[in-house]
Protein chains: 2
Amino acid sequence: MSIAERKERQRAERYELILAAARELAEAEGWDAVTTRRLADLINYSQPVLYSHFKGKAEIMAAVATRGFEELAARLEAETVKAAGAGGVLRNVCAAYVDFARSHAVVYEAMFVLPTNIKFASDDTPPALRAAFAALVAALGPDRREPVFLAEVLWGALHGLVVLMQSGRIPASGAEARLEVLVEKFSDKAQVSGPLEPHKPA
Amino acid sequence: MSIAERKERQRAERYELILAAARELAEAEGWDAVTTRRLADLINYSQPVLYSHFKGKAEIMAAVATRGFEELAARLEAETVKAAGAGGVLRNVCAAYVDFARSHAVVYEAMFVLPTNIKFASDDTPPALRAAFAALVAALGPDRREPVFLAEVLWGALHGLVVLMQSGRIPASGAEARLEVLVEKFSDKAQVSGPLEPHKPA
DNA sequence: GGTCTAATTCTAGCGCCGCTAGATTTTATG
DNA sequence: CATAAAATCTAGCGGCGCTAGAATTAGACC
């Protein structure tokens with residue numbers, strides 16, 4: 001391996017080290033604890049070295065978010081192909097979304113809660129974010145009127161539940177039942193079936 | 001007026017001055033710009049004086065949020081009595097919620113987005129927050145199964161739309177049409193009517 | 001009106017933050 | 001081995017939330 005290749009590999013490794021450090025520190029102590037001084041300590045370099053990889057702290061968080069979009073997209077896409085054609089696709093995709101948010105709470109915050117320089121709904125939107133959204137659209141099933149629009153409303157409803165529960169503003173207990181209500185309201189059957197069965201919060 | 005009364009009045013006035021300064025600075029430049037130094041400058045006292053009214057910056061924001069709960073509750077309650085019994089109550093209350101969030105964006109952030117020490121869904125919850133939530137419950141109409149639970153899901157859906165639009169993650173255009181979709185899904189008629197009319201995003 | 005005490009307010013500073021200029025060290029090249 | 005380039009570090013800037021103790025002001029009492 002050439003010297004240039006070795007240097008590039010080491011640089012890429014350090015980039016990953018920074019992202020891993022940011023994510024782990026955020027998971028352990030929250031994003032407020034993730035500072036450039038502490039990241040530098042964790043990777044055993046001085047602060048300015050971070051700035052040779054990222055334009056600033058916001059870009060570190062954006063990189064963590066982008067990894068999150070990739071993981072979320074993979075997760076949702078897996079659910080759409082797992083039960084293709086079956087009525088449970090919407091439920092599974094929605095459940096996967098909520099489960100992702102629950103199990104990757106700080107990554108989810110970086111993705112969809114904290115201020116970001118990532119562009120949404122534009123040409124500069126990360127492909128993985130588009131893919132994740134496309135999986136939501138696909139989960140609604142074929143033959144839906146205005147599927148992209150409806151997927152935006154569904155996304156809002158899922159996101160709202162997730163963030164209100166995760167910030168302690170509504171009880172986390174009852175999450176599955178609330179999800180069930182949402183899924184039924186967005187299911188293509190919602191428009192032709194009779195009165196719903198009652199739901200009991202946990 | 002006694003000296004003690006005058007002192008108490010001046011103290012209360014300064015408390016209101018601090019809240020007004022915080023809100024106005026947040027509205028002008030965002031919560032990141034609201035610092036204890038700048039608030040002190042705006043009220044023409046030194047920083048430590050803020051701490052004679054509030055335990056810390058978080059409590060200033062909580063006080064702004066509490067005022068917001070009061071305004072929101074008043075707004076939503078006004079909508080529930082305005083068209084009592086008519087089918088448009090849910091639509092009006094939801095529209096009032098979204099309009100409040102749009103026109104009080106930074107207060108809304110303090111209320112429902114930023115980290116807070118305010119207790120939700122507990123004995124310590126501010127009465128105005130309970131009242132605002134009660135107005136959502138009432139808007140769903142009588143004879144709904146699990147109305148509190150359903151109101152939580154509705155709140156999540158409204159909140160999600162609001163924050164995704166206001167943070168630029170979904171387009172702000174189309175807000176009214178998305179609200180229409182949500183209202184229809186949560187309307188008590190949603191369970192007995194036929195296929196919905198198609199919706200066109202703006 | 002003067003003095004003393006209590007209340008109020010201010011100054012100065014702590015430890016930390018994101019970020020950068022220029023110094024220093026290390027590495028690669030000839 | 002010397003030199004230049006690259007990489008990394010030190011030191012510092014301006015700012016943050018917050019507080020201890022100094023200084024000032026106000027009120028009570030004689």
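Every chain is numbered from 1, with letters handed out A, B, ... down the list of sequences.
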Expected list for residues 105-114 of chain A: side-chain donor-acceptor pairs under 3.5 angstrom, two or more places apart:
| unit_1 | atom_1 | unit_2 | atom_2 | d |
| --- | --- | --- | --- | --- |
| A:Y108 | OH | A:Y97 | OH | 2.6 |
| A:Y108 | OH | A:H159 | ND1 | 2.6 |

Return the value, rounded to whole Å, for the distance between atom CG of B:L50 and atom C1' of C:dT9. 12 Å
Any side-chain donor-acceptor pair under 3.5 Å between A:R6 and A:Q10? yes
Could you pull out the closest heavy-atom pair between A:G68 and A:F100, with the gap in Å? O-CZ, 3.6 Å
Applying salt bridge (charged side-chain N to carboxylate O under 4.0 Å, His left out) as the test, list every pair that has at least one member in residues 93-103 of chain B; sequence neighbours left out. B:R75-B:D99, B:D99-B:R102
Which residues pass the side chain to side chain donor-acceptor pair (under 3.5 Å) test with A:R169, sequence neighbours left out? A:S167
Which heavy-atom pair separates A:P171 from B:E152 by the least distance, and what is that distance? CD-OE2, 3.7 Å
How many angstroms lie between atom CD1 of A:I60 and atom NZ of A:K57, to the nearest 0.5 angstrom? 8.5 Å
How long is the line joining OH of A:Y15 and C1' of D:dA7, in whole Å? 20 Å
Which parts of nucleotides 18-25 of chain D does protein reach within less than 4.0 Å, heavy atoms only, written one letter per nucleotide 5' to 3' as B for base, S for sugar-phosphate only and - for none? BBB-----
Could you tell me how far apart B:R38 (CZ) and D:dC16 (P) are, to the nearest whole angstrom? 8 Å
Atom CZ of A:R11 to atom P of D:dA7: distance rounded to whole Å? 8 Å
Sub-4.0 Å heavy-atom contacts from residues 26-35 of chain A onto DNA chain D, ordered by number: none
Closest approach of B:S173 to B:R178 (non-hydrogen atoms, all atoms of both residues): O-NH2, 3.2 Å
Without decimals, in angstroms, what is the distance between A:D41 CG and D:dC9 C1'? 13 Å
Readout for nucleotides 3-8 of chain C: B = base within 4.0 Å of protein heavy atom, S = sugar-phosphate only, - = neither; 5' to 3' it is ----S-
Considering only heavy atoms from C-beta outward, does the side chain of B:L164 approach that of A:W155 to under 4.5 Å? yes
Please find the pair of heavy atoms, one from B:V183 and one from B:L90, that lie closest to each other, and give the distance. O-CD2, 3.7 Å
Closest non-hydrogen atom pair, B:A95 against B:L179: CA-CD2, 3.5 Å
In this structure, how many angstroms lie between the P atom of D:dC29 and the CD1 atom of B:I3, rounded? 11 Å
